[in-house]
Protein chains: 2
Amino acid sequence: MNQDKAAILKGTLDMLILKIVALGPIHGYAISQRIQQISRDHFQLQQGSLYPALHRLENRDWLEAEWRDTDTGREAKFYKLTKKGRKHLETEMESWDRTAQAVALILRTAP
Amino acid sequence: MNQDKAAILKGTLDMLILKIVALGPIHGYAISQRIQQISRDHFQLQQGSLYPALHRLENRDWLEAEWRDTDTGREAKFYKLTKKGRKHLETEMESWDRTAQAVALILRTAP
DNA sequence: CTATACGCCTAGCAATCCTAGGTGTCAAGA
DNA sequence: TCTTGACACCTAGGATTGCTAGGCGTATAG
């Protein structure tokens, strides 16, 4: 079915969400749109992944939520980063960099 | 405990193993050593991940196994890529590239 | 008035990697 | 001699994670 839009790589979703929220307060539904948009339609974040992840991040005190109105006048749950969340995001990004480099080392090894 | 050696990113292990085996026939124990070595000690592949993965790859006809002697005169199960395996490896590598780029797009987005 | 987008939620599945245990051989050092 | 460590294989079960597939309610466009 989805040959086109790819699933999120396991273990990276938290980091991606935190990064999007770091750009400014935003509600859940919009997060999935932003991820799809910025990734140039590569990632397709499912709601069944999104909302549990948001609750997970809130429970770990990386995100704070607040009900507010959207531009279109509807209620939505806006998230913003906590200090802990910002710190954690940095750690995760550094970790990602090292991991991506390590993978690249292996994939680029010539026979 | 392991602040140093990182776990393998979920979903990438099959690709990494296939890539190592693509460098030439090799047995399981040596695969984990090679992965650790080439990744400059970043990845620490556990045996409880390694062997189930190898059986998985064999069942999918991406790897073939054969018992042979090592340099040290012991018996070991040497793996080599099948044609299907080589093809799958290429697909996975392309997929990884696109995914890594998509992640980079998101992580590099400035506020 | 009906479909679609918006916006939230949950239960349960499938996959994956790990921990923690096990087997047996062999070489080196106390 | 005996014990430790490296070599080389294996499995069961747990934890985590993202998805599928369902659900709710409102507003807007056709």
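Predicted model only: the values in this text are computed from it and were never measured. Chain naming here is simple, since letters A, B, ... match the order of the sequence lines and numbering starts at 1 in each. Heavy-atom basis, side chains included; hydrogens, waters and symmetry copies ignored.
- The separation between B/Asp71 atom CG and D/dC7 atom C1' is 12 Å, rounded to whole Å.
- Ranking C/dC9, C/dC17, C/dA15 by closeness to the B/Lys10 side chain, first place goes to C/dC17.
- Distance CG (A/Leu16) to C1' (D/dT17): 13 Å, rounded to an integer number of Å.
- The phosphate of D/dC7 (OP1 or OP2) has a side-chain N or O of B/Tyr29 nearer than 4.0 angstrom.
- For the pair A/Thr12 and D/dG18, the criterion of a side-chain N or O lying under 4.0 Å from OP1 or OP2 is not met.
- When heavy atoms are screened at a 4.0 angstrom cut-off, A/Arg68 is found touching no nucleic acid atom at all.
- Neither OP1 nor OP2 of D/dC9 sits under 4.0 Å from any side-chain N or O of B/His55.
- Using a 4.0 Å heavy-atom distance criterion, B/Gly28 is classed as a sugar-phosphate-only contact.
- Closest-nucleotide positions on DNA chain D for B/His27 and B/Gly48 were compared, and the one nearer the 5' end corresponds to B/His27.
- Protein atom OH of B/Tyr51 is 13 Å distant from nucleotide atom C1' of C/dG24, rounded to whole Å.
- Looking at the side chain of B/Ala76, the nearest of the listed nucleotides D/dA8, D/dG18, D/dT26 is D/dA8.
- Between A/Ile31 atom CD1 and A/Leu16 atom CG the span is 11.0 Å, to the nearest 0.5 Å.
- Using cut-offs of 30° and 60° on the angle between ring planes, the pair A/Phe78 and A/His27 is perpendicular.
- Classification of the A/His55-A/Tyr51 ring pair by plane angle, with boundaries at 30° and 60°, yields tilted.
- For B/Arg74 and B/Asp69, the salt-bridge test fails: no basic side-chain N is under 4.0 Å from an acidic carboxylate O.
- Each of C/dG7, C/dT19, C/dT16 was ranked by its minimum atom distance to the side chain of B/Gln46; first place goes to C/dT19.
- Using a 4.0 Å heavy-atom criterion, one finds that A/Gly73 contacts no nucleic acid atom at all.
- Going from atom CZ of B/Arg74 over to atom C1' of D/dC9 covers 12 Å, rounded to whole Å.
- C/dC6 atom P lies 14 Å from atom CG of A/Leu50, rounded to whole Å.
- Taking atom CD1 of B/Ile8 as the reference point, atom C1' of D/dA15 lies 17 Å away to the nearest angstrom.
- Remark: A/Thr72 is not in phosphate contact with C/dA5, judged by side-chain N or O atoms under 4.0 Å from OP1 or OP2.
- Out of D/dC10, D/dC7, D/dT17, the shortest distance to the side chain of A/Arg56 is found at D/dT17.
- Among the heavy atoms of the strands lying under 4.0 Å from B/Leu9 are primed sugar atoms or P, OP1, OP2 only; no base atom is included.
- If you measure from atom CG of B/Leu45 to atom P of C/dT16, you get 15 Å, rounded to the nearest angstrom.
- Taking side-chain N and O atoms only, B/Gln47 has no distance below 4.0 Å to OP1 or OP2 of D/dA8.
- Side-chain atoms of B/Tyr29 and B/Thr70, non-hydrogen and from C-beta on, never get closer than 4.5 Å to each other.
- Here B/Thr70 reaches the OP1 or OP2 of D/dA8: one of its side-chain N or O atoms lies under 4.0 Å away.
- In terms of phosphate contacts, B/Gln33 brings a side-chain nitrogen or oxygen within less than 4.0 Å of OP1 or OP2 of D/dC7.
- Of the possible donor and acceptor atoms, one in the side chain of B/Lys19 sits under 3.5 Å from a partner among the backbone N and O of A/Thr109.
- Rounded to an integer number of Å, the gap from CZ of B/Arg34 to C1' of D/dA8 is 18 Å.
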